[in-house]
Amino acid sequence: MRAAQAIASTRRRALVLTGGAALVAGAMPRLARAQGEDIVIGGSIPMTGVFAFAGIGINAGIADYVKMVNDAGGIKGRKLRYVPEDTGYKVDVSVAAFKKITSQNKVNLYYGDSTGFAKTINPELDRSGQMLMAGASFASELNNPAKYPNQFLVGPDYTEMFGILLNHIAKEKPGAKVAFVYSDSEFGRDPIETSEATAKKLGLSVPVKIMTPAGSVDVSTEVIKLRRAAPDYTIFHGYILAPIPEFIQQGKQQGMTSKWMGTFWTMDSSTVMKMGEAGDGFMGVMPFRYYYDTEKAPMLEKIRALRPEYQSTAYIQGFLTAMLFAEAAKRTLDAGKPLDGKNLKAALNTIKDFDTGGLIGTPITISGNSIPVGRVYRADMKAQKMVAASDWIKL
């Protein structure tokens with residue numbers, strides 16, 4: 001009985017992910033093996049759980065790009081095939097999904113849902129040598145080709161995100177005071193120490209660093225510390241939304257004139273708009289264009305034609321990941337080499353001055369494990385949009 005329930009549950013989850021496609025793939029592993037000519041993208045995708053808001057967008061972005069490529073004839077006559085599993089944003093479930101997908105398919109490319117998963121699965125990626133992986137993480141630790149030779153980040157790492165913000169601040173207000181507010185988590189602590197050194201190199205000072213629990217609500221004591229430091233700018237990191245609005249509201253009530261900033265996972269338009277009045281003027285780093293940006297971007301136009309409703313920045317990240325996966329595969333096949341991890345990564349690292357169709361507003365070069373490019377955007381609450389506050393900044 002339990003086995004039957006487990007099978008039913010797996011089928012339901014697969015249907016949620018790809019409207020039945022994953023169910024067919026899961027039910028017919030022999031067929032999957034027979035279709036060895038397909039270029040397979042596996043995915044640990046958090047369609048449920050705390051990160052579902054991102055996972056749903058990521059899943060749609062990957063699936064849409066795969067369909068675009070296949071509708072245009074594939075890559076050198078080979079079709080892309082996307083095989084995702086829901087992970088609920090849990091490392092053990094993600095590892096189980098990886099094992100299931102890779103045992104039933106000859107996987108060339110893989111999307112991982114978290115830093116924890118990326119670190120846990122890395123020895124297996126190195127051992128098998130069969131695939132290239134990217135994912136939702138921007139952890140600075142992963143930006144190390146020697147330690148993580150078969151992985152890359154689709155954007156700047158968290159330290160580079162701080163670098164982009166600090167470069168913008170140094171240009172806008174030389175000698176400014178910058179406060180760092182971050183969560184007591186691996187995610188939160190990631191860029192803090194290195195970024196303090198970067199700030200000093202840019203002639204900025206960091207008068208206060210404040211760490212809070214990830215989902216803290218009562219921040220009144222921390223706001224007092226922040227007010228005393230009187231920063232010109234406050235950068236939040238390691239949160240999605242709470243307690244950022246609480247900090248801003250209380251800070252403004254106490255007469256603070258700081259400008260407020262965030263990093264990627266806070267910067268989706270729908271997230272910032274939830275801040276309400278407190279979020280007006282909130283700024284942050286974004287490696288990609290927003291769905292509604294009006295500057296020339298042929299790929300955004302295709303996305304908008306395909307999906308007339310707003311798509312999140314997580315969708316754009318998933319879509320761009322699939323684009324870079326496909327480009328690495330194309331370059332590997334063009335060179336007449338097998339699609340394994342080493343060759344795919346080497347091909348990815350030949351990407352120089354590459355046009356993403358405007359998803360990133362400047363040509364990109366991937367020389368290592370990250371794409372150190374971003375732009376500062378600002379919230380316009382009246383327009384209910386994020387608007388550009390800087391040019392594209394390359395580190």
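These numbers come from a predicted model, not from an experiment.
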Partner set under salt bridge (Lys or Arg N to Asp or Glu O under 4.0 Å) for Lys171, not counting sequence neighbours = none
Kindly state each residue pair satisfying salt bridge (Lys or Arg N to Asp or Glu O under 4.0 Å) with at least one member in residues 59-68, sequence neighbours excluded.
-> Asp64-Arg307, Lys67-Asp71
Answer yes or no: is there a side-chain heavy-atom contact under 4.5 Å between Leu109 and Met131?
-> no
From Glu222 atom CD to Thr212 atom OG1, the distance as rounded to the nearest 0.5 Å | 6.5 Å
Between Arg189 and Glu196, is there a salt bridge with N-O shorter than 4.0 Å?
-> no
Quick one: do Lys259 and Glu172 make a salt bridge, cutoff under 4.0 Å?
-> yes
Is any side-chain heavy atom of Met256 less than 4.5 Å from a side-chain heavy atom of Pro231?
-> yes
Are Asp113 and Lys90 ion-paired here, with the side-chain N under 4.0 Å from a carboxylate O?
-> no
Residues in ring pair (Phe, Tyr, Trp, His ring centres under 6.0 Å) with Phe247, at least two apart?
-> Phe236
Do Lys209 and Ile192 have side chains that get closer than 4.5 Å, going by heavy atoms?
-> yes
Charged N-O contact under 4.0 Å between Lys79 and Glu37 | no
When you check the gap from the basic side-chain N to the acidic O, do Glu124 and Arg127 get nearer than 4.0 Å?
-> yes
Among all residues two or more places apart in sequence or in another chain, which pass the salt bridge (Lys or Arg N to Asp or Glu O under 4.0 Å) test with Lys173?
-> Asp232
Under the ring pair (Phe, Tyr, Trp, His ring centres under 6.0 Å) test, which residues partner Tyr291, sequence neighbours left out?
-> Tyr310
Using the ring-ring contact (aromatic ring centres under 6.0 Å, His included) rule, take His237 and Tyr158 through it: C-alpha gap first, then chi angles, then the decisive distance, then the call.
-> CA-CA 9 Å; His237 178 71; Tyr158 293 128; 4.8 Å; yes
Does the side chain of Gln104 come within less than 4.5 Å of Val83's, by heavy atoms?
-> no
Please determine, by modelled atom types, if Asp268 and Ser312 share a side-chain donor-acceptor pair under 3.5 angstrom.
-> no
Contacts of Tyr89 that satisfy ring pair (Phe, Tyr, Trp, His ring centres under 6.0 Å) - sequence neighbours left out | Phe51
By side chain to side chain donor-acceptor pair (under 3.5 Å), Lys394 pairs with (sequence neighbours left out) none
Could you state the interatomic distance from CE (Met275) to CD1 (Ile248), rounded to the nearest 0.5 Å?
-> 5.0 Å
Contact list for residues 342-353, test side chain to side chain donor-acceptor pair (under 3.5 Å), sequence neighbours left out | Arg331-Thr350, Asp340-Asn343, Lys345-Asn369
Lys119/Glu186 ion pair, N-O < 4.0 Å | yes
List the atom of Gly318, the atom of Ile62, and the distance in Å for their closest heavy-atom pair.
-> O-CG1, 3.4 Å
Which pair of non-hydrogen atoms, one from Ser44 and one from Tyr110, has the smallest distance, and what is that distance?
-> OG-OH, 2.8 Å
Pair up each side-chain donor or acceptor in residues 161-170 with any protein partner under 3.5 Å, not counting sequence neighbours, and list the distances.
residue: Asn167; atom: ND2; partner: Gly163; partner atom: O; Å: 2.7

Do Ile351 and Thr365 have side-chain heavy atoms sitting under 4.5 Å apart?
-> no
Scan residues 337-394 for pairs that pass ring pair (Phe, Tyr, Trp, His ring centres under 6.0 Å), counting only residues two or more places apart or in two chains.
-> Tyr290-Tyr377
Test ring pair (Phe, Tyr, Trp, His ring centres under 6.0 Å) applied to Tyr111 - qualifying residues, sequence neighbours left out | none
Partners of Thr332 by side chain to side chain donor-acceptor pair (under 3.5 Å), sequence neighbours excluded?
-> none
